[in-house]
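All values below come from the heavy atoms of this structure, side chains included, with hydrogens, waters and symmetry mates left out. Small disclaimer: the values here were computed from a predicted structure and weren't measured.
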Amino acid sequence: RVINTPLASLNLFSYGDISYEPLATLFTVEKSFFRNQQKELDFFIQDLRTVEEAELLFLVKKGKGDLVIELNGEEIFHGDTVDDYLPLSLPMSQLANTNTLTFRAEKKGINIFGSGIYELKDVTVILKKRVENNQEVRSFVVSSADLSNLRSMTLHFIVNCFTVQEQSRLLVA
């Protein structure tokens, strides 16, 4: 006697996803004899394990002196030609679930009355994440009566890949 027990289909997948998190539309940081204005922006990452790459993108509307950017207290950029490096790569080792970006301007030279000022627009964090469902469990029950008469059991399955280039390993246990 043969008994067929169909199990529900399952989808195992892995793909990249890019998300854009706007942090600020416009702000100014300034360092002068009379003013020391910096800006802190916070962003959150739910699951650090899924993040493959993080970048910071913004437009410099006005710039004079040096721009200094810190991620969680560690300096990640210091200079006056920030446009050449955009988007800035955020070091994965510095990322946490709760992150703080600090922006400040510094004046160049030794003139005590000099100033540094930056006006930044559309500050955005870009997260490249890996979205995956690479494990799924399906269960079935064999009654004690069927188990006592059971000589063998066979699992038949079909692997359906969307493209020929997909290569991976399937483990059925």
Side-chain angles (χ1 to χ4, degrees), residues 10-137 160-171:
L10 54 101
N11 290 320
L12 303 179
F13 58 85
S14 177
Y15 63 89
D17 183 39
I18 298 176
S19 65
Y20 299 87
E21 184 176 340
L23 301 181
T25 54
L26 184 68
F27 66 86
T28 302
V29 292
E30 183 178 356
K31 170 86 176 210
S32 67
F33 185 75
F34 301 105
R35 188 172 217 163
N36 188 6
Q37 177 184 8
Q38 65 181 27
K39 180 74 170 173
E40 288 187 351
L41 301 173
D42 295 326
F43 67 97
F44 307 96
I45 300 174
Q46 278 190 323
D47 190 356
L48 284 170
R49 295 172 298 162
T50 63
V51 178
E52 291 184 330
E53 189 178 346
E55 295 175 319
L56 178 64
L57 183 62
F58 53 88
L59 299 171
V60 177
K61 199 168 178 193
K62 177 165 92 173
K64 177 183 172 190
D66 282 346
L67 177 65
V68 179
I69 303 172
E70 295 178 354
L71 172 62
N72 298 327
E74 295 292 324
E75 190 173 288
I76 61 169
F77 181 82
H78 188 148
D80 62 353
T81 55
V82 68
D83 289 338
D84 295 341
Y85 300 99
L86 292 176
L88 286 175
S89 183
L90 299 177
M92 296 298 292
S93 60
Q94 293 301 118
L95 289 176
N97 293 105
T98 302
N99 300 280
T100 301
L101 286 164
T102 305
F103 298 82
R104 70 176 190 274
E106 288 190 355
K107 55 188 176 181
K108 283 193 172 245
I110 57 173
N111 181 358
I112 62 168
F113 294 107
S115 65
I117 185 167
Y118 273 84
E119 192 172 343
L120 304 180
K121 182 180 176 183
D122 299 330
V123 180
T124 303
V125 170
I126 303 167
L127 296 175
K128 296 177 183 170
K129 298 179 185 178
R130 170 78 43 213
V131 178
E132 55 186 28
N133 178 28
N134 60 10
Q135 184 174 339
E136 192 81 28
V137 175
N160 185 3
C161 293
F162 295 116
T163 65
V164 177
Q165 287 80 23
E166 290 183 37
Q167 293 183 0
S168 191
R169 200 175 80 200
L170 177 66
L171 174 66

> For the atom pair CG (L67) and NE2 (H78), what is the distance rounded to the nearest 0.5 Å?
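It is 9.0 Å, given to the nearest 0.5 Å.
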
> Just verifying a value: how many Å separate L71 CG and L56 CG, rounded to the nearest 0.5 Å?
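One finds 9.0 Å between CG of L71 and CG of L56.
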
> Kindly indicate whether the side chain of V125, heavy atoms from C-beta on, has any atom under 4.5 Å from the side chain of L101.
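Yes, at least one pair of side-chain atoms sits under 4.5 Å.
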
> Flag yes if more than 12 heavy atoms outside E75 fall under 6.0 Å of its CD atom; otherwise flag no.
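More than 12 heavy atoms, drawn from other residues, nucleotides or ligands, come within 6.0 Å of this atom.
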
> Is the closest side-chain heavy-atom distance between T50 and I45 below 4.5 Å?
no

> I need the minimum non-hydrogen distance between A105 and G116, along with the two atoms involved.
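Minimum heavy-atom contact is CB-O, 3.5 Å.
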
> Applying the side chain to side chain donor-acceptor pair (under 3.5 Å) criterion to R104, which one of E40, E70, Q37 satisfies it?
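Of all the options given, the one that passes is E70.
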
> By side chain to side chain donor-acceptor pair (under 3.5 Å), which residues pair with E119, not counting sequence neighbours?
none

> Just by modelled atom types, is the Q46 backbone N or O under 3.5 Å from a matching donor or acceptor in the N97 side chain?
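Between the backbone of Q46 and the side chain of N97 there is a qualifying donor-acceptor contact (under 3.5 Å).
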
> With the side chain counted from C-beta on, respond yes when L59 and K61 share a heavy-atom pair under 4.5 Å apart, and no when they do not.
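No, side chains not in contact.
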
> V82 and F58: side chain to side chain contact (heavy atoms under 4.5 Å, CB included), yes or no, with the steps?
CA-CA 10 Å; V82 68; F58 53 88; 3.6 Å; yes

> Please give me the minimum heavy-atom distance between F43 and E21, naming the atom from each residue.
CB-OE2, 3.5 Å

> Measuring from atom NZ of K64 to atom OG of S115, what distance do you get when rounded to the nearest 0.5 angstrom?
3.5 Å

> Nearest 0.5 Å, please: how far is NZ in K62 from OG1 in T28?
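The OG1 atom of T28 sits 6.5 Å away from the NZ atom of K62.
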
> Enumerate the residue pairs fulfilling side chain to side chain donor-acceptor pair (under 3.5 Å) with a member in residues 79-92, sequence neighbours excluded, ordered by first and then second residue.
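As it turns out, the side chain to side chain donor-acceptor pair (under 3.5 Å) pairs with a partner in residues 79-92, which skip direct neighbours, are D80-K108.
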
> Please examine the side chains of I126 and Y20, heavy atoms only from C-beta on, and report whether any two atoms are closer than 4.5 Å.
yes

> Can any side-chain N or O of Y118 pair as donor or acceptor with the backbone N or O of G65 at less than 3.5 Å?
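Yes: the side chain of Y118 pairs with the backbone of G65.
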
> Could you report the tightest heavy-atom contact between A54 and M92, atom names first, then the distance?
N-SD, 4.1 Å

> Between K128 and I18, what is the shortest heavy-atom contact and its length?
CG-CG1, 3.9 Å

> Atom OG1 in T98, atom CZ in F44: separation rounded to 0.5 Å?
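If we round to the nearest 0.5 Å, T98:OG1 and F44:CZ are 5.0 Å apart.
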
> Distance-only, no hydrogens or angles: does the D66 side chain make a donor-acceptor pair with backbone N or O of E106 under 3.5 Å?
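The answer is no, because no donor-acceptor pair under 3.5 Å joins these two groups.
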
> If we only count heavy atoms from C-beta on, is the I69 to T102 side-chain gap below 4.5 Å?
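Side chain of I69 against side chain of T102, heavy atoms only: no contact under 4.5 Å found.
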
> Measure the CD-CG distance between E53 and L90 for me, rounded to the nearest 0.5 Å.
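If we round to the nearest 0.5 Å, E53:CD and L90:CG are 9.5 Å apart.
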
> With distance as the sole criterion, is a donor-acceptor pair present between the side chains of D42 and T100 under 3.5 Å?
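Yes - a donor-acceptor pair under 3.5 Å links their side chains.
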
> Who pairs with F27 by ring pair (Phe, Tyr, Trp, His ring centres under 6.0 Å), at least two apart in sequence or on another chain?
F103

